[in-house]
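Input: a single structure, listed below in structure tokens.
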Amino acid sequence: PTEPPSPQEHGLDFQRLLDASAYKEMFRQDMIRWGEEKRHMDPGFFCRAAVEGVLQPVWVVSDTRRLSDVEWFRDTYGDVVQTVRVVATEETRKRRNWVFVTGVDDAESECGLDQGVAFDWVITNDGDKVALDEQLEMLVQSL
């Protein structure tokens, strides 16, 4: 099979793809499809890219979305891996302008870790800054 074109090859504005804008939404399904094709060819592709050249003793890989990603990190780094899930109620997410989109928000890229992972930490982010800070402080202290 041929290599699928990357978002950069389509002349997309990378910075605008990182935010929650309508611009990103126009390309979201294509980005998901491209990522799935890359993962199908090489399940560790994005995991290796995330850690390439990392020298810090502690680092955070954010936005991991698939069981295969979690398994890759655990297989590669063993017991030093700490998994953290950040949760918010659907009501909170809607207040933050999230709108469920069928075919996107129910895809593996959005809910692939909803089952099958025993997270080391679950952080609740429903808008209570004091509660969030307390949870994050416990996590940081453990590291």
### Note, Asp69 side chain near Arg39 side chain (heavy atom, < 4.5 Å)
yes

### Nearest-0.5 Å distance, NZ of residue Lys38 to CZ of residue Arg33
15.5 Å

### Summary
Rounded to the nearest 0.5 Å, the CZ atom of Phe46 sits from the CZ atom of Arg65 at a distance of 11.5 Å

### Query
What about Val87 and Val70, same hydrophobic cluster or not, with Ile/Leu/Val/Met/Phe/Trp/Tyr joined at side-chain heavy-atom distances under 4.5 Å?
yes

### Message
If I compare all heavy atoms of Phe119 with all of Leu113, which pair ends up nearest, and what's the gap?
### Response
CE1-O, 3.8 Å

### Pairs involving residues 116-130, ordered by first then second residue, that meet salt bridge (Lys or Arg N to Asp or Glu O under 4.0 Å) (sequence neighbours left out)
Lys129-Asp133

### Task
Give every residue pair that meets the salt bridge (Lys or Arg N to Asp or Glu O under 4.0 Å) criterion with at least one member in residues 52-61, sequence neighbours excluded.
none

### Query
Is any side-chain heavy atom of Ile123 closer than 4.5 Å to a side-chain heavy atom of Leu132?
yes

### Query
Hey, does Gln82 have a side-chain heavy atom less than 4.5 Å from the side chain of Leu143?
yes

### Task
Taking the side chain as every heavy atom from C-beta outward, state whether Trp72 and Val81 have any pair of such atoms under 4.5 Å apart.
no

### Task
Decide side-chain contact (heavy atoms from CB on, under 4.5 Å) for Arg85 and Val117; before the verdict, give the C-alpha distance in whole Å, the side-chain angles of both, and the deciding distance to 0.1 Å.
CA-CA 10 Å; Arg85 181 176 180 100; Val117 178; over 6 Å; no

### Query
So Trp98 and Phe100, would you call those rings parallel, tilted or perpendicular, with 30° and 60° as cut-offs?
perpendicular

### Message
Hydrophobic clusters here meaning ILVMFWY residues chained together by side-chain heavy-atom distances under 4.5 Å, can you tell me if Val122 and Leu67 are in one?
### Response
yes

### Message
Check Arg48 with Asp42, please: is the shortest side-chain N to carboxylate O separation under 4.0 Å?
### Response
yes

### Task
Determine the minimum heavy-atom distance between Thr83 and Ala118, stating which atoms define it.
OG1-O, 3.8 Å

### Task
Please assess Lys94 against Val99 for the test side-chain contact (heavy atoms from CB on, under 4.5 Å), listing each intermediate value before the final yes or no.
CA-CA 6 Å; Lys94 286 179 180 177; Val99 176; over 6 Å; no

#### Entry: Spacing of Gln141 atom CD and Met138 atom CE [to the nearest 0.5 Å]
10.5 Å

### Message
Hydrophobic clustering (ILVMFWY, side-chain heavy atoms < 4.5 Å, transitive) - are Val54 and Phe73 grouped together?
### Response
yes

### Message
Please tell me whether Val140 and Val58 are part of a single hydrophobic cluster in this structure, the criterion being side-chain heavy atoms less than 4.5 Å apart.
### Response
no

### Task
Identify the heavy atoms of Ala88 and Arg93 that sit nearest to each other, and give their distance.
O-CD, 3.7 Å

### Query
With hydrophobic residues grouped by side-chain heavy-atom distances under 4.5 Å, do Val51 and Val60 end up in a single group?
no

